[in-house]
Amino acid sequence: MMASTIWAWIGVGFFAAGSLAFMLLGVGSAERNRHHFVTSFIITLIALCSYLSLAFHQGTLMAGQAGQFGYGRYVDWALTTPLLLMGLITLALPQIREKPALVVGIIFSDVFMIVTGIFAGLSDAGSGAKWIWYILSCGAFVALYFLIWGPMRATAVEQRAQGEELLGSTDPEERYEGASYKGETSLFYKQAGILSVLWFFYPIVFLVSAQGLNLVPLSYTSAFYTILDVSAKVGFGLLLLIGVRDIERNSKKVREEVPTDHTQNGLGSRQSVPRAQQAQ
Ligand code: RET
């Protein structure tokens, strides 16, 4: 069996296990967070199909004079990267309908990056067209980073401030909301950091692969892409879902607490006692 086929089967195994794990983790999740579990499951299910196609040697065609180009991977990315970004968007933007331009900008940059990447892959080796497509794709990638760490981070910071305020409320539902907002902002930072590091390697792998400068053999390219895809989908998803579950638990706890002196001088000085303890 070719090394690239073995890597494809390794991917199939991880994505099957990931899909199952995400499905089980979602059981009993709160309605407001269920979309994270559903989306993560869909992402690994799409990847499972994409890796099955690679394992069966399907989804490739002749591209330029260079030989085979596996477009199956790119179909996967075109579908899954917007979903991965939706995970981040919903962590940073609770009122998602208030920032439609930002959401459209993020999803468009991402899809533009993948589609221009497909054209780069389809272009003749060493042709000017290939590098023009590659540079366009990288431009969209830079725009994506800018949107995540600029306006999206700013809304996450706003959300944290709103969360702090709500945490001081005497209304349990508002405190629940406040704790969720704060937790979601912290989780946004963590997930955005992981995503930014992992995604950065994709254009580098493309560059050294047969699609780019042809510096490494196909077996290496397959290994790199498999490790990246598993990390960016199963690893990222697992951390996201565990984070969401912890936020849910913490927010419920905060809802049950009765604030005693929430009016005392501002942030950090709030104290609360669990309701059960107060009753004694
Ligand atoms: C390409 C080639 C052209 C330049 C750039 C690229 C970026 C690809 C990225 C892909 C991310 C895929 C993920 C898959 C999930 O599992 C298309 C390789 C910038 C960032 C996260």
Side-chain angles (χ1 to χ4, degrees), residues 7-8 10-12 14-19 22 39-54 59 63 66 69-89 106-123 125 127 129-149 191-216 220-240:
W7 281 107
I10 291 174
V12 168
F14 271 102
F15 292 123
S19 304
F22 294 165
T39 307
S40 298
F41 171 73
I42 294 172
I43 289 169
T44 46
L45 196 63
I46 293 171
L48 175 63
C49 295
S50 144
Y51 272 77
L52 267 181
S53 82
L54 288 171
F69 169 63
Y71 63 87
R73 244 182 228 298
Y74 291 74
V75 174
D76 165 353
W77 295 348
L79 296 171
T80 56
T81 52
L83 292 176
L84 286 165
L85 289 168
M86 280 311 289
L88 270 195
I89 290 170
I106 288 171
I107 302 299
F108 172 77
S109 305
D110 176 63
V111 174
F112 186 91
M113 171 185 83
I114 302 295
V115 173
T116 47
I118 294 178
F119 281 100
L122 285 170
S123 308
S127 64
K130 183 183 277 294
W131 298 115
I132 290 176
W133 287 121
Y134 184 80
I135 290 165
L136 279 174
S137 179
C138 287
F141 195 32
V142 171
L144 193 60
Y145 273 113
F146 168 79
L147 291 172
I148 292 174
W149 290 106
Q191 296 299 112
I194 296 170
L195 183 144
S196 301
V197 172
L198 285 176
W199 288 33
F200 187 73
F201 289 100
Y202 282 88
I204 298 174
V205 174
F206 182 96
L207 200 63
V208 298
S209 75
Q211 253 70 56
L213 301 170
N214 206 4
L215 299 177
V216 301
Y220 279 65
T221 309
S222 308
F224 291 150
Y225 275 145
T226 307
I227 294 167
L228 284 176
D229 281 349
V230 168
S231 311
K233 292 189 172 96
V234 181
F236 178 90
L238 215 52
L239 290 174
L240 172 71

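It should be emphasised that the depicted structure is a prediction, and the values quoted were computed from it without experimental measurement. Ligands are counted one by one from 1 in listed order, and the atoms in each one are counted from 1 as well. Just so you know, these numbers use all the heavy atoms, side chains as well, and skip hydrogens, waters and symmetry mates.
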Ring-ring centroid check Y74 W77, cutoff 6.0 Å |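 Y74 vs W77: aromatic centres under 6.0 Å.
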
Do the ring centers of Y134 and F206 come within less than 6.0 Å of each other?
->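 For Y134 and F206, the ring centres are under 6.0 Å apart.
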
Contacts of type side chain to side chain donor-acceptor pair (under 3.5 Å), residue Y225, not counting sequence neighbours =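 Partners of Y225 by the side chain to side chain donor-acceptor pair (under 3.5 Å) criterion come out as none, since no residue qualifies.
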
Enumerated ligand 1 atoms positioned under 4.0 Å from heavy atoms of F206 =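 Answer for ligand 1: 2 (C), 18 (C).
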
Using a heavy-atom cut-off of under 4.0 Å, does the side chain or the backbone of W199 touch ligand 1, or both, or neither?
->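 For W199, the contact with ligand 1 is made by both the backbone and the side chain.
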
Where does D76 meet ligand 1, judged by heavy-atom distances below 4.0 Å: at the side chain, the backbone, both, or neither?
-> neither

For S137 and W133, indicate whether the former's side chain and the latter's backbone hold a donor-acceptor pair under 3.5 Å.
->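 Absent.
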
N/O donor-acceptor pair under 3.5 Å between Q211 side chain and A120 backbone =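 Side chain of Q211 to backbone of A120: no pair is present.
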
Protein contact of [atom] - nearest heavy atom, named by residue and atom, plus distance:
| atom | answer |
| --- | --- |
| atom 17 (C) of ligand 1 | G117 CA, 3.8 Å |
| atom 4 (C) of ligand 1 | S137 OG, 3.1 Å |
| atom 10 (C) of ligand 1 | Y202 CG, 3.5 Å |
| atom 20 (C) of ligand 1 | M113 CE, 3.5 Å |

K233 N/O to ligand 1 N/O under 3.5 Å | yes

Which one of P203, S231, A140 has a non-hydrogen atom at the shortest distance from atom 7 (C) of ligand 1?
-> P203

